[in-house]
2 protein chains.
Amino acid sequence: MIEIITTKDIAKIANVSIATVSRVLNNNPNVSEKTRKKVIMAIESLGYEPNLFAKNLAKKNKWNIAIGCTEEVFEGFKDSKNNFYLPIMSGIKEYFSKIKAEIFIFSIEDKKLNISFNDVDGFLLVGGGLKKEDIEFFLKYKKPVVVVDEYVWGLDVDSIVSNGFLGTYNIVRFFLEKGYKKIVYFHFKEKHYSFEQRKLGYEKALLEKDLIPKIYSFQDITDLKNLTKNVMKEKPEIIVTSKDLCAIEIMNILNENKYKIPDDVGVIGFDDLKISEDFQLTTVRVPREEMGNLAAGRLFDLVNGVNPHPIVISLFTKPIIRKSVKI
Amino acid sequence: MIEIITTKDIAKIANVSIATVSRVLNNNPNVSEKTRKKVIMAIESLGYEPNLFAKNLAKKNKWNIAIGCTEEVFEGFKDSKNNFYLPIMSGIKEYFSKIKAEIFIFSIEDKKLNISFNDVDGFLLVGGGLKKEDIEFFLKYKKPVVVVDEYVWGLDVDSIVSNGFLGTYNIVRFFLEKGYKKIVYFHFKEKHYSFEQRKLGYEKALLEKDLIPKIYSFQDITDLKNLTKNVMKEKPEIIVTSKDLCAIEIMNILNENKYKIPDDVGVIGFDDLKISEDFQLTTVRVPREEMGNLAAGRLFDLVNGVNPHPIVISLFTKPIIRKSVKI
DNA sequence: CTGAAAGCGCTTACAG
DNA sequence: CTGAAAGCGCTTACAG
């Protein structure tokens with residue numbers, strides 16, 4: 001049985017009250033240099049570590065959490081179709097509503113905040129396509145930073161992503177096992193970790209069955225029209241693509257060109273947006289509320305100095321089988 | 001400002017004391033069915049959620065945490081050379097020593113524990129090479145399970161791993177940028193997620209430089225002797241391998257065959273075991289204490305019902321440049 | 001600059 | 001089966 005050291009023990013040794021110990025612990029300036037030293041000595045000699053449960057329970061003032069969003073995230077608030085980030089933001093807010101935290105939402109582009117960046121206890125940066133420079137800007141403040149829905153190579157910064165690799169791998173594999181052979185992939189060539197991972201999952205699934213992956217990249221949704229028409233000449237059985245929004249666009253193009261879904265060709269997306277159900281799109285569900293919860297939880301740990309070693313958290317996804325692919 | 005709902009509010013609505021509310025919350029059998037229902041109604045109507053800080057602070061009895069280890073983990077306790085899991089176990093113990101938890105260490109092979117598996121609040125399963133069936137055995141108890149240093153395909157179970165992909169990728173890339181071209185990989189063909197990932201990292205680094213990856217697999221350390229001798233005929237500049245223990249074995253074989261390290265050939269390992277420094281082995285450090293901390297922290301979250309969506313946590317690694325490769 | 005005291009929201013002996 | 005009360009280890013007005 002290990003004895004737990006408390007502020008009381010420190011107070012006794014340093015010959016001060018627990019109030020003073022607490023002040024030293026929280027860098028309160030109203031402590032004389034002499035007592036501060038005494039207390040720090042005691043803390044170090046006993047190897048004291050504060051009890052975070054007690055700390056957070058007793059806390060009166062709040063943690064200041066700054067949540068930076070890319071333009072895409074803001075757009076999602078207005079556009080009911082592309083609402084990928086809405087549940088993520090709810091998940092974040094929900095988590096922080098349960099603890100003593102005040103959140104400040106701001107635009108990563110403008111970088112305008114209601115409080116000084118120096119008074120922020122931690123940053124949450126939300127949005128696929130976040131640039132390295134953006135993240136580095138916030139790293140400068142030497143406060144915890146957690147990136148949501150992006151992972152940038154070469155920066156060992158805490159990141160929360162969905163497991164796009166496994167997600168695509170599993171759903172493609174599911175249809176391969178049903179006997180499908182001609183499954184092609186439309187890769188949205190935007191710089192985003194998730195899109196890269198999803199493509200790799202498709203590749204792996206096909207290679208495992210000794211099939212040759214067919215990956216067609218497109219830069220812009222406008223490219224899709226020609227691409228779809230051209231690829232359809234090769235009579236693919238299923239088109240898999242980087243995200244639901246692209247899948248729906250592809251379905252529209254197919255409709256315009258008199259192709260029947262799923263009879264002539266199947267379509268598979270990724271994300272499981274709200275509208276995807278209306279289109280009966282077979283897709284992969286990204287647990288977005290949970291992603292927000294986890295991101296907030298990770299930041300809260302970091303703010304409290306818990307397990308600070310940087311990590312990548314990736315959430316398992318779930319295949320959603322609807323009618324856009326014959327089964 | 002959101003009003004926080006407490007046991008007090010529930011007590012008032014249900015017309016009972018907060019003690020009774022607490023009893024209902026903790027499934028204490030000493031509550032009449034009638035009051036239990038009243039309290040549950042109140043909880044649901046207000047959407048009450050317990051404050052975990054208060055709960056864990058007030059808690060008198062302990063969480064029972066069962067830590068299952070593979071044989072390899074136990075062997076590491078005796079073998080000072082192969083002590084990969086020692087720091088991981090320290091990290092786990094350290095985390096739990098700070099909270100109200102009692103830990104029970106047991107062998108996954110024997111499955112013999114001092115308490116009933118049913119009284120366990122959560123399982124931590126430690127060891128590369130863990131089998132799917134092993135993990136499924138513990139999943140049966142419907143208690144949180146966290147797997148440490150392994151990830152098993154097809155099971156959406158919480159896992160903590162080191163980022164072997166990025167680790168190898170980065171160190172191989174480092175030497176490629178220094179001008180090295182003939183870098184080969186000795187892949188330890190044991191079923192272990194990490195070894196697979198490390199190999200992929202090597203592959204990616206070479207492909208990016210338009211070099212052809214050369215991967216030689218070996219099943220057993222005894223295979224290494226012939227493999228090393230054969231590969232050396234092709235005059236590689238650096239041999240990269242799956243783990244430090246293999247790297248050291250390779251160094252020994254090279255020495256026996258009168259090859260000079262690093263002049264004739266360089267060697268790179270993975271893990272950064274304690275003995276690796278004695279051999280001046282250039283390697284990749286797996287932050288093992290931190291891995292244990294994070295695993296314990298994740299399990300603790302799950303035990304408390306926090307962010308239960310299953311995730312994979314992967315820790316960033318760090319290249320350790322020593323003298324086994326010319327620089 | 002410092003201490004005594006109230007309070008954060010729970011749990012759990014204790015008494016009935 | 002239930003409630004009043006003490007206590008978990010901190011923080012923070014308040015008073016000096």
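All chains are named by letter (A, B, ...) in the order of the sequence lines, taking the proteins before the strands, and each is independently numbered beginning at 1. These values consider heavy atoms only, across backbone and side chains, with no hydrogens, waters or symmetry-generated copies.
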Q.
Applying a 3.5 angstrom cut-off to the pairing atoms, does DNA chain C sit in any stems of at least three consecutive Watson-Crick or G-U pairs? List them by first number.
A.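 Listed by first number, the stems are C:1-3 with D:14-16, C:5-12 with D:5-12, C:14-16 with D:1-3.
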Regarding [X], tell me which of base, sugar-phosphate or nothing describes its non-hydrogen contacts under 4.0 Å with the strands shown.
| X | value |
| --- | --- |
| A/Ser22 | base |
| A/Leu52 | nothing |
| A/Val21 | nothing |
| B/Asn56 | nothing |
| A/Asn51 | sugar-phosphate |

**Q.** Nucleotide C/dC8, atom P - distance to NZ of B/Lys59 in whole Å
**A.**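 Computing the B/Lys59:NZ to C/dC8:P distance gives 23 Å.
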Q: Using the six-membered ring of A/Phe106, assess whether NZ or CZ of A/Lys112 lies under 6.0 Å from its centre and within 45 degrees of the ring axis.
A: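 No, A/Lys112 and A/Phe106 do not form such a contact.
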Q. Taking only residues two or more places apart in sequence, or in another chain, which ones meet B/Lys318 in a salt bridge (Lys or Arg N to Asp or Glu O under 4.0 Å)?
A.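 Testing B/Lys318 for salt bridge (Lys or Arg N to Asp or Glu O under 4.0 Å), a comparison that skips the adjacent residues, returns none.
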Q: Give a yes/no answer on whether the side chain of A/Lys55 brings an N or O atom under 4.0 Å of OP1 or OP2 in D/dT11.
A: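 Result: yes.
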Q) Under 4.0 Å: is that the gap between some side-chain N or O of A/Thr35 and OP1 or OP2 of C/dT2? A)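 So the side chain of A/Thr35 is within the cut-off, an N or O lying under 4.0 Å from OP1 or OP2 of C/dT2.
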(Q) Could you tell me how far D/dA5 sits from D/dC1 if I compare only their P atoms? Round to whole Å. (A)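 The answer is 24 Å between these two P atoms.
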(Q) Distance check, C1' atoms only: D/dG16 and D/dT12, in whole angstrom units. (A)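 One C1' to the other, the span is 16 Å.
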Q.
Among D/dC1, C/dT12, C/dT2, which nucleotide has an atom closest to any side-chain atom of B/Asn61?
A.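 Out of D/dC1, C/dT12, C/dT2, the nucleotide with an atom closest to B/Asn61's side chain is C/dT12.
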